[in-house]
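Only this structure's heavy atoms are used, side chains among them; waters, hydrogens and symmetry mates stay out.
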Amino acid sequence: MDNPPYSGRGGSKTPSLVQRLSEEFETSRVPEGFMAVSGDLASTLVAPHIPRGGGRTASPSGEFPTAEQVALENETKRVPSSDEQTIAAEPVESTDKHPTRRPLEHTRSFNNGYHFPPKYPKGEATKQALKSFWKFFTTPMGFFWTIYGLNIVAWGGMLFLLLCNAAPAMCYPTCDDIDSPRRKWVEWDSQVLTGLFCVTAFGLAPWRFRDWYYLLKYRIMGDFDGLRRLAGIHRSWFRLKGSEELAVDVGPENIPEGVPREVIPTPEKNIPNAPLTGTRAPATAVWKLDFVIWSMVMNTFAQCGLCGVMWGMNRFDRPSWVTGFLVAIACIIAMVGGYVMFLEGKKVKSIEGVPCNDRDLERLARDKEMGIPHWNNIKDKKPKEKKKVKDVEKA
């Protein structure tokens, strides 16, 4: 009997390892750039406190912690005093035909018992912000992005001051002389910033071009699978058309066989979690996904042009307007694309809810016992009344 050919030590595992890494790359989320990390960190440093990476969610039966339900029952059974009524809500102006309306309906929990995290006092929120930042800073990526951000701020701030002629002593013999200390430091600052911008523009390029490939596959070839893969990658803010009609209990751990596959991402495990509020966010316009992906790709292309100008030409022959134009374009399109992601993600969270941790639940239960209501929305603020409602009440 012939022996199988020897493939070398560990050789048989190499194809499977490469295949597994390839599959993980195809569906992995885009690593967060500096602006995305800053926005994500900022969301944990301000009230209401939104925990990073999870919190307490509903039980398998769809009900939320008993402490919150008990507090809600006690609130409904207890007759509030006159002082508590004043704190709970301010009456809306009305006439005899329209009785006084108290907006307590906006402070009550949802039907399944869910309530958005409460807003904390400034002192307590500041203390929590410092703890969150220290927890982020002590991680390898947190330390890296902190040092990276400080360099961007320091070198960028120095370049701004030099452009504003904030150091007259460096204008020798004149401010615009090519050999003056001011012009030399402007060049050095620009070179350092160009290198710093390359970290995100080129470091994230593989994921950006992967998303670009899926988008072109959908737009040019009409392959809907490309859009489904993008929906799974950007599940934090993008929703497919028809997904709002799914049952509220459908999630990564519960996907019935009869669910239409065109309304869920690929792979199916990347389907968004079941909404905590019991309401799903509406479908996201596909043009917003186009805009975000094209913005990130164009940021990389603009950075390529900037590197070519900064490193392919010397400071004597390089047109100053080219450098300024490429820097402005690269920064603006990246910020606008990130802002679209931020707005859509905030919209999804405001409708589907964000997880509450034990600290949030204890605060909600305690405040309900004391008769202190919290607006049941992501900002914990009184919702703005629509103009039509105001006109009807005034009538």
Side-chain angles (χ1 to χ4, degrees), residues 29 32 36-75 106-142 145-146 235-237 248-249 251-254 271-281 342 345-381 383:
R29 292 185 58 188
E32 294 181 332
V37 169
S38 301
D40 189 27
L41 178 62
S43 67
T44 69
L45 303 185
V46 296
H49 170 66
I50 301 177
R52 293 172 60 91
R56 180 171 295 190
T57 56
S59 62
S61 60
E63 299 179 355
F64 277 76
T66 307
E68 189 177 2
Q69 295 179 348
V70 172
L72 179 60
E73 293 176 359
N74 293 337
E75 180 187 12
H106 297 296
T107 65
R108 298 188 184 279
S109 301
F110 289 90
N111 294 333
N112 60 359
Y114 172 77
H115 199 291
F116 278 91
K119 183 178 181 179
Y120 292 91
K122 292 184 178 180
E124 191 174 351
T126 302
K127 183 178 179 180
Q128 180 63 30
L130 294 175
K131 290 182 178 180
S132 299
F133 175 75
W134 179 252
K135 184 178 180 181
F136 170 78
F137 179 74
T138 52
T139 61
M141 290 303 297
W145 285 119
T146 302
R235 62 193 294 264
S236 62
W237 64 274
V248 294
D249 60 341
E253 305 298 333
N254 178 33
I271 186 174
N273 295 327
L276 300 174
T277 60
T279 303
R280 291 190 179 274
F342 167 76
K346 184 179 179 181
K347 177 182 177 181
V348 171
K349 291 179 179 179
S350 65
I351 297 175
E352 299 186 354
V354 293
C356 291
N357 57 21
D358 293 335
R359 177 168 169 260
D360 297 328
L361 297 176
E362 292 175 1
R363 182 59 179 263
L364 290 171
R366 185 187 66 183
D367 288 352
K368 284 184 177 181
E369 289 292 339
M370 298 175 62
I372 303 176
H374 288 277
W375 300 102
N376 197 3
N377 53 51
I378 195 170
K379 294 182 179 180
D380 194 6
K381 292 183 179 180

Could you walk me through whether H374 and D367 pass the side-chain contact (heavy atoms from CB on, under 4.5 Å) check?
CA-CA 8 Å; H374 288 277; D367 288 352; 2.5 Å; yes
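At a threshold of 4.5 Å between non-hydrogen side-chain atoms, the residues T277 and F116 count as touching. Within the 4.5 Å cutoff, the side chain of K127 has no heavy atoms near those of the P121 side chain. Between L276 and P355 the shortest side-chain heavy-atom distance falls below 4.5 Å. Taking the side chain as every heavy atom from C-beta outward, F136 and T146 approach each other to under 4.5 Å. Counting heavy atoms from C-beta on, the side chains of N377 and P383 come closer than 4.5 Å. Annotation: side chain of Y114 is not in contact with side chain of S109 (no heavy-atom distance under 4.5 Å).
Taking every heavy atom of both residues into account, P252 and P272 meet most closely at CD-O, 3.7 Å. In terms of heavy-atom proximity, K119 sits nearest to K379 at CD-O, 4.3 Å. Across A274 and R280, no two heavy atoms sit closer than the pair CA-NH2, 4.4 Å. In this structure, V248 and G278 approach most closely via the heavy-atom pair CG1-O, 3.0 Å. Scanning both residues, I271 and G251, for their nearest heavy atoms gives CG2-C, 3.5 Å.
Taking NE2 of H115 as the start and CH2 of W375 as the end, the distance is 10.5 Å to the nearest 0.5 Å. Note: R359 CZ to L361 CG = 11.5 Å, rounded to the nearest 0.5 Å. The CG atom of D380 lies 8.5 Å from the CG atom of L364; values are rounded to the nearest 0.5 Å. Distance check: D360 CG to Y120 OH gives 3.5 Å after rounding to the nearest 0.5 Å.
For the pair E352 (side chain) and A281 (backbone), a donor-acceptor distance under 3.5 Å is present. A distance-only check finds no donor-acceptor pair linking the side chain of N376 to the backbone of T107 [under 3.5 Å].
A 6.0 Å sphere centred on CD of E253 holds no more than 12 heavy atoms belonging to other residues, nucleotides or ligands.
Partner R366 forms a side-chain contact (heavy atoms from CB on, under 4.5 Å) with one of E362, M370, E369, K368 and no other, that one being M370.
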